[in-house]
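Here the structure comes first, spelled out in structure tokens, and everything after it is commentary.
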Amino acid sequence: MPRRHMHVTDAAEDPLRAALRELRIDLEVPDHFPPTAQAEADSAARAPRIPAADGAVATEHALDDATDLPLFTIDPPGSRDLDQAMFLSSRPGGGFRIHYAIADVASFVTPGGALDAEAHHRVTTLYFPDERIPLYPYALSEGAASLLPDQDRPAVLWQLDLDPEGVLVAASVRRALVRSRARLDYAGVQRAIDEGTAEEPLDLLREIGLLREELEVARGAISLHVPEQEIVQRNGRYHLEYRAPLPAYGWNAQISLLTGMAAAELMLASGTGILRTLPTAPDGSVARLRLTARALGVDWPHHTSYSALIRGLDPHCASHAAFLQECTALLRGAGYTVFDGAPPSASEALHSAVAAPYAHATAPLRRLVDRYTSELCLAASAGHEPADWVRSALPALPREMETGAQRANQVERACVDLVEAALLRDRVGETFEALVVDIQEKDPTRGTVHLYEPAVIGSVEAAPEGPALPLGQRIQVRLAEAEPGLEPVRFTPV
């Protein structure tokens with residue numbers, strides 16, 4: 001999933017869109033699936049092969065029938081790659097029950113086949129401001145495997161029981177046939193809840209979400225609700241606008257986060273699994289963020305912790321929204337930890353932002369590893385050993401996911417460079433107020449600056465014989481280069 005959600009809304013012939021098309025060519029991003037992989041997807045879409053506990057395959061008719069659950073999905077408007085559907089209810093005697101259905105990708109992908117090989121090559125869906133490059137062909141990701149409304153679908157169905165305070169007390173998972181009843185979007189969900197017109201299953205999203213957010217604060221965890229960035233054109237110039245996520249987005253994210261935590265605990269108890277891990281951020285990274293906060297005018301008292309600061313930010317405020325974008329830098333040390341036998345130590349299993357063990361489990365249509373997490377959790381919940389094709393893939397998965405993440409980061413960085421250049425293309429030669437947030441150790445006349453307005457980051461290069469850049473201080477810089485697709489944003493000190 002991208003750390004920076006950027007969208008272009010202009011017409012297809014717009015110069016920025018043209019530059020994005022050229023970027024995909026330069027980065028050698030695939031524009032189609034190999035014919036053998038596409039053929040496998042088309043065949044599986046017509047006749048999925050349900051993995052059985054004994055390693056054999058079955059049909060949809062052999063699945064537990066859970067189509068009586070009135071599940072619903074919550075996604076951005078127009079989304080068709082629907083990974084999750086939920087139904088929320090109250091438990092007799094207090095507490096809550098969550099039924100959370102996850103797209104059963106393993107029912108459509110044959111291990112060792114051409115489609116499986118292509119998925120291991122792609123690893124993740126790639127996101128560009130104007131389109132996305134899917135992990136699986138549209139016949140699956142937006143068709144037969146997607147939890148679209150009013151369609152029977154094979155799914156990995158979680159049952160999560162919570163006490164009245166929102167604490168998880170029991171978790172189980174099984175394969176089942178499900179049928180979503182409604183495709184909702186965040187704005188509609190927020191409006192129904194705020195106006196008091198939401199039915200109980202939807203209204204419980206707020207109650208459960210708020211309880212889980214309180215527990216998140218108590219354990220010292222951090223959720224970054226990063227605003228989306230929309231690039232719009234007005235009066236012949238590009239402008240960057242932020243769109244803050246609605247509270248419903250955070251409540252929905254808490255259900256996904258809870259499932260990932262339950263998956264991690266289930267795998268740890270079974271002795272075989274793959275965790276998403278993140279070490280504690282080094283002091284240098286936090287110190288750099290403090291400089292960025294100063295550049296953006298975000299008040300960060302020295303006695304205030306990073307997690308407390310994040311919770312107090314207002315994503316509707318442009319400077320706070322820009323700072324939240326930069327906070328994603330602390331997630332760059334994340335990786336995957338595989339174990340088969342002795343589980344990792346508590347510190348090795350920790351995801352520091354979650355402040356608990358955690359696993360990627362809820363986005364199998366867009367991320368390779370989630371398919372394997374589902375299979376490991378299904379086996380653990382049933383008391384079976386994982387299938388051979390799952391176990392044999394585990395050792396290579398961390399490296400594959402790292403390679404996929406590097407590719408996604410390269411795409412994201414190139415998109416950011418391109419968009420920032422488009423924003424400033426007509427302002428070459430202008431002077432801006434900026435803060436020096438980084439300098440190169442080997443050459444302190446080169447570094448990075450963060451503009452006050454617009455919230456753009458770019459490289460800065462002084463004359464070779466000039467003084468070192470003043471790290472952490474405000475300077476004036478002149479825009480030297482900014483040409484979308486050709487030259488990233490570059491400044492020189494005034």
Side-chain angles (χ1 to χ4, degrees), residues 2-4 6 23 224 226-227 229 231 238 240 242 281-298 300 306 309-310 318-334 405-406 408-425 427-494:
R3 284 186 291 266
R4 298 185 72 162
M6 309 179 79
L23 177 61
L224 286 178
V226 181
Q229 293 176 290
I231 301 96
Y238 291 109
L240 184 64
Y242 290 100
D283 292 340
S285 297
V286 178
R288 188 183 186 283
L289 268 185
R290 282 191 174 275
L291 295 177
T292 303
R294 187 194 306 174
L296 293 170
V298 175
W300 187 352
Y306 171 65
L309 173 74
I310 294 300
S319 61
H320 290 193
F323 182 70
L324 284 168
Q325 294 281 0
E326 298 309 315
C327 286
T328 60
L330 295 190
L331 303 178
R332 287 176 187 156
Q406 289 172 349
N409 290 339
Q410 180 188 18
V411 165
E412 186 173 286
R413 183 64 254 173
C415 288
V416 170
D417 286 346
L418 194 155
V419 167
E420 290 182 341
L423 286 170
L424 297 174
R425 177 181 56 190
R427 304 181 70 176
V428 172
E430 288 189 29
T431 299
F432 300 84
E433 292 285 326
L435 191 85
V436 181
V437 294
D438 196 18
I439 59 173
Q440 295 184 12
E441 289 186 12
K442 295 182 178 180
D443 185 357
T445 64
R446 298 186 178 192
T448 304
V449 290
H450 200 306
L451 302 193
Y452 284 78
E453 178 61 35
V456 165
I457 294 177
S459 64
V460 60
E461 182 177 345
E465 67 277 5
L469 293 168
L471 182 63
Q473 294 186 27
R474 178 185 298 203
I475 64 172
Q476 284 194 327
V477 295
R478 181 173 289 110
L479 180 59
E481 292 177 342
E483 185 58 41
L486 297 175
E487 299 290 347
V489 171
R490 186 177 66 84
F491 299 93
T492 58
V494 174

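Residue numbers start at 1 and run along the sequence shown.
Taking CG of Leu309 as the reference point, atom CG of Leu289 lies at 9.0 Å (rounded to 0.5 Å).
Within the 4.5 Å cutoff, the side chain of Leu451 has heavy atoms near those of the Val477 side chain.
In this pair, Phe432 and Phe491 present their aromatic rings perpendicular. The plane angle is above 60°, beyond the 30 to 60° band.
Checked against side-chain contact (heavy atoms from CB on, under 4.5 Å), Pro493 has the following partners two or more places apart in sequence or in another chain: Val460, Ala462, Leu469. The salt bridge (charged side-chain N to carboxylate O under 4.0 Å, His left out) test applied to Arg490 returns Glu481, not counting sequence neighbours. Residues meeting the side chain to side chain donor-acceptor pair (under 3.5 Å) test with Thr448, sequence neighbours left out: none. By the side-chain contact (heavy atoms from CB on, under 4.5 Å) test, Pro470 is found to be paired with Val436, Gln473, Ile475, residues two or more places apart in sequence or in another chain being considered. For Arg427, the side chain to side chain donor-acceptor pair (under 3.5 Å) test picks out Glu430, with sequence neighbours left out. For the side chain to side chain donor-acceptor pair (under 3.5 Å) test, residues two or more places apart in sequence or in another chain that qualify with Glu433 are Gln476. For Ala405, there are no side-chain contact (heavy atoms from CB on, under 4.5 Å) partners two or more places apart in sequence or in a different chain.
Of all heavy-atom pairs between Pro464 and Thr445, the closest is O-CG2, 4.1 Å. Taking all atoms of both residues into account, the shortest heavy-atom contact from Leu424 to Pro454 is CD2-CG, 4.0 Å. Taking all atoms of both residues into account, the shortest heavy-atom contact from Val298 to His320 is CG2-CD2, 3.8 Å. The nearest pair of heavy atoms linking Leu435 to Arg474 is CD1-N, 3.6 Å. Val489 approaches Val456 most closely through the heavy-atom pair CG1-CG1, 4.4 Å.
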